[in-house]
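Remember, predicted model here, so these are calculated numbers, not experimental data. Within every chain, numbering begins at 1; the chains are lettered A, B, ... in the order of the sequence lines, protein sequences first and strands thereafter.
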Amino acid sequence: SQQGEEDPQALSIQEGENATMNCSYKTSINNLQWYRQNSGRGLVHLILIRSNEREKHSGRLRVTLDTSKKSSSLLITASRAADTASYFCATVPWQGSSNTGKLIFGQGTTLQVKP
Amino acid sequence: SQTIHQWPATLVQPVGSPLSLECTVEGTSNPNLYWYRQAAGRGLQLLFYSVGIGQISSEVPQNLSASRPQDRQFILSSKKLLLSDSGFYLCAWSVHGEQYFGPGTRLTVT
């Protein structure tokens with residue numbers, strides 16, 4: 001079953017602008033991850049944020065997590081044409097002592113960065 | 001460094017034919033392994049996962065099956081393909097939570 005829902009479904013911006021994508025989920029989580037997928041390719045892991053973390057940075061990426069609202073956001077600053085891709089959030093549900101690492105993906109946000 | 005291989009890259013099969021997709025991981029031991037399917041323009045659906053040799057958990061009942069004959073080998077199979085089996089199949093591995101994906105196999109059932 002799908003746990004994450006991303007918003008917006010599609011986003012088009014100019015190079016240099018910031019892009020913000022949001023993700024909401026339904027159940028308690030162990031961690032939340034963001035992935036990027038270029039058209040027709042496999043997914044690339046971007047960043048992982050644990051349930052006890054509120055914000056994480058990696059280069060031009062900033063991820064926030066609000067467990068009270070069951071939501072996360074991914075901010076890409078100073079976007080580039082090469083950032084054009086689909087972005088997915090994925091959650092690892094909290095399973096107590098058993099951690100299989102299963103990911104439940106959202107439907108994704110398609111980002112287009114125009115040169 | 002770790003690498004993950006999937007083959008074939010593309011496959012066109014008639015309805016009712018068998019299927020075997022293979023995934024192998026190099027450079028790590030005892031990884032968790034996963035099979036996902038992605039329909040066009042949609043997110044990934046987890047099909048199977050494995051935490052060890054011979055240990056397979058199914059997430060979605062369907063006419064697909066999975067096997068893990070070796071620590072770093074994960075196979076997705078079907079005895080008779082359906083039209084609805086068309087999609088992009090992705091294998092992934094993880095050790096510490098983050099998942100690393102293979103390049104995928106695009107399957108078209110005709």
Side-chain angles (χ1 to χ4, degrees), chain A residues 1-10 21 23-25 29-53 56 58 61 63 85-95 97-112, chain B residues 1-11 21 23 25 28 30-52 55-61 66 68 74 87-108:
Chain A
S1 61
Q2 298 292 342
Q3 154 119 293
E5 294 184 4
E6 276 123 316
D7 167 56
Q9 289 187 329
M21 288 159 267
C23 169
S24 61
Y25 57 92
I29 61 171
N30 180 293
N31 65 70
L32 184 146
Q33 302 176 34
W34 285 91
Y35 289 81
R36 182 184 74 204
Q37 183 181 34
N38 290 87
S39 180
R41 306 288 294 274
L43 277 72
V44 175
H45 181 269
L46 295 177
I47 200 163
L48 181 154
I49 186 165
R50 302 193 185 284
S51 59
N52 61 352
E53 297 176 310
K56 210 161 183 180
S58 177
L61 306 180
V63 169
S86 293
Y87 292 82
F88 295 90
C89 73
T91 55
V92 176
W94 175 251
Q95 296 174 106
S97 60
S98 170
N99 185 11
T100 60
K102 296 189 298 181
L103 285 176
I104 301 178
F105 280 84
Q107 299 290 358
T109 293
T110 299
L111 172 65
Q112 182 185 30
Chain B
S1 63
Q2 301 88 356
T3 56
I4 179 168
H5 303 279
Q6 274 188 256
W7 65 90
T10 60
L11 191 59
L21 301 180
C23 169
V25 181
T28 186
N30 195 31
N32 287 356
L33 296 172
Y34 310 86
W35 276 111
Y36 293 90
R37 178 171 60 203
Q38 184 179 32
R42 296 180 65 84
L44 277 69
Q45 179 186 39
L46 179 63
L47 301 176
F48 300 94
Y49 69 93
S50 171
V51 299
Q55 300 178 61
I56 309 294
S57 295
S58 173
E59 290 293 297
V60 182
R68 185 171 178 174
F74 206 22
F88 191 44
Y89 288 82
L90 290 153
C91 179
W93 70 273
S94 75
V95 174
H96 299 299
E98 302 165 9
Q99 290 194 15
Y100 299 90
F101 285 79
T105 294
R106 189 161 303 280
L107 172 67
T108 303

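Proximity to chain B (any heavy atom under 4.5 Å) is restricted, for A:Q37, to the side chain, taken from C-beta onward. Heavy-atom distances place both the backbone and the side chain of A:L43 under 4.5 Å from chain B. Neither the backbone nor the side chain of B:Q6 comes within contact range of chain A; no heavy atoms are under 4.5 Å apart.
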Where do A:L103 and B:Y36 land on the side chain to side chain contact (heavy atoms under 4.5 Å, CB included) test, with the steps shown first? CA-CA 10 Å; A:L103 285 176; B:Y36 293 90; 3.4 Å; yes

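A distance of 6.0 Å separates CZ of A:F105 from CD of B:Q99, quoted to the nearest 0.5 Å.
Taking both residues in full, the closest heavy atoms of B:Y49 and A:K102 are given as CE2-CD, 3.0 Å, listed atom of the first, atom of the second, then distance. Scanning both residues, A:Y35 and B:E98, for their nearest heavy atoms gives OH-C, 4.2 Å. The two residues A:R41 and B:F88 come nearest to each other via the heavy atoms O-CE2, 3.4 Å.
Annotation: maximal heavy-atom pairing with chain B below 4.5 Å, among A:G108, A:S86, A:G42, occurs at A:G42.
Other residues, nucleotides and ligands contribute over 12 non-hydrogen atoms within 6.0 Å of the CD atom of A:Q112.
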